[in-house]
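First comes the structure, then the notes that go with it.
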Amino acid sequence: MTAISSSPEAGPDAAGLHAPVLAWFEQNARDLPWRRPEAGAWGVMVSEFMLQQTPVSRVLPVYEQWLARWPRPADLAAEAPGEAVRAWGRLGYPRRALRLHGAAVAITERHGGDVPSDHAHLLALPGIGEYTAAAVASFAYGQRHAVLDTNVRRVFARAVTGVQYPPNATTAAERKLARALLPDDEERAARWAAASMELGALVCTARGEDCARCPIAESCAWRLAGKPAHDGPARRGQTYAGTDRQVRGRLLAVLRDAVTPVGQAALDAVWHDPVQRARALDGLVADGLVEPLDGGRYQLPAG
DNA sequence: GAGTCGTGGAA
DNA sequence: TTTCCAAGACT
């Protein structure tokens, strides 16, 4: 039990976190293009797809090109999925591009071309999970949702729970805490979601916290406990060199840069091991990221 | 629930 | 140089 729920008389802000974090956000929020009014729900949604496991700095240029080329969901839906994969460039996890295209198609078919505001409808779209559905509903439509991303989870773990890092997988206790901390007022809740996330991204980071700049350092449970080191199992680092992921990345890079279908020889050149190479290519085809043609040639999916 | 799925910059 | 990790989703 936390101090929040142990006080029956207390409201959701028993710890006094809202005011300082919201005031800090007012002064320190980054001016990101998807936060501007002209971005709209589609801009917010595109940014959320791109920001899944990819840093802001790398998303920015691709986001601008994407919105300029496909300003509405129907514009993207009218394109071949392979064009989405190509425009995705080197953001990584290219299945996100395929899913964003699929979401645009679904929005065009099921929602009249407008990004749905209903959480359940958002969740039903490809590539949108619990986090992204809440993020779009909150950031684009000002709704009251617990937006639990890695930044918020880390902030809550430290400020409230008093540990250095949150669990590897999101727990029911974290969801409960996030809901309990959500301001009652809808508009305030939406700003709180963005503010708590920004605090984790700029001040209370995984690399190292900057408590001198933190608006809630005085009440932070982890800091007050003397910043005990994380004790649980170490988060397993992902080795990348030599994996199928690396081979898939190289294969897809060749196809992205090619205007015409690519022959087997060009693909064979990217990796020495023919077994792993074939496995990676089969995986890309199975995922719908690559389309096999007659004569052993390949291209990005035409639709 | 653990594994899989890219990429590149900062420490 | 190596390691870490950045607004997750899906199976």
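Quick caveat: nothing in here was measured; it's all calculated off a predicted structure. Numbers restart at 1 for each chain; the letters A, B, ... are given by sequence-line order, proteins then strands.
Look at A/Arg90 and you won't find any side-chain N or O under 4.0 angstrom from OP1 or OP2 of B/dG6. Not one side-chain nitrogen or oxygen of A/Tyr93 sits closer than 4.0 Å to the OP1 or OP2 atom of C/dG8. For C/dG8, the OP1/OP2 oxygens have a side-chain nitrogen or oxygen of A/Gln53 closer than 4.0 Å.
Picking from C/dA6, B/dG8, C/dA7 the nucleotide with the shortest atom distance to the side chain of A/Tyr131 gives C/dA7. With distances taken from any side-chain atom of A/Thr132 to the nucleotides C/dA9, B/dC5, C/dA7, the minimum falls on C/dA9.
Ring-plane geometry between A/His111 and A/His121 is classed as tilted, the angle between the planes lying from 30 to 60 degrees on a 0 to 90 degree scale.
Residue A/Trp34 is classed as a base contact, given a heavy-atom separation below 4.0 Å to a base. Nucleic acid contact for A/Arg153: none, since no nucleic acid atom lies under 4.0 Å from a heavy atom of the residue. A/Gly92 comes within contact range of at least one nucleobase, with a heavy-atom separation under 4.0 Å. At a threshold of 4.0 angstrom between heavy atoms, the contacts of A/Thr54 include nucleobase atoms, whether or not backbone atoms are also involved. Within 4.0 Å of A/Leu123, counting heavy atoms only, lies no atom of the nucleic acid at all. Among the heavy atoms of the strands, none lies under 4.0 Å from A/Gln246. Here A/Phe49 lies out of heavy-atom contact (under 4.0 Å) with every strand. Using a 4.0 Å heavy-atom criterion, one finds that A/Arg99 contacts the sugar-phosphate atoms exclusively.
Between A/Pro55 and A/Gly127, the one whose closest nucleotide on DNA chain C sits nearer the 5' end is A/Pro55. Comparing A/Arg207 and A/Leu91, the nucleotide of DNA chain B nearest to each residue sits closer to the 5' end for A/Leu91. Between A/Ser57 and A/Ala169, the residue anchored closer to the 5' end of DNA chain B is A/Ala169, taking for each the nucleotide with the nearest heavy atom.
At a cut-off of 3.5 angstrom, the base of B/dT4 holds no donor-acceptor pair with the side chain of A/Arg245.
We find the CH2-CG distance between A/Trp42 and A/Leu67 to be 8.0 Å, quoted to the nearest 0.5 Å.
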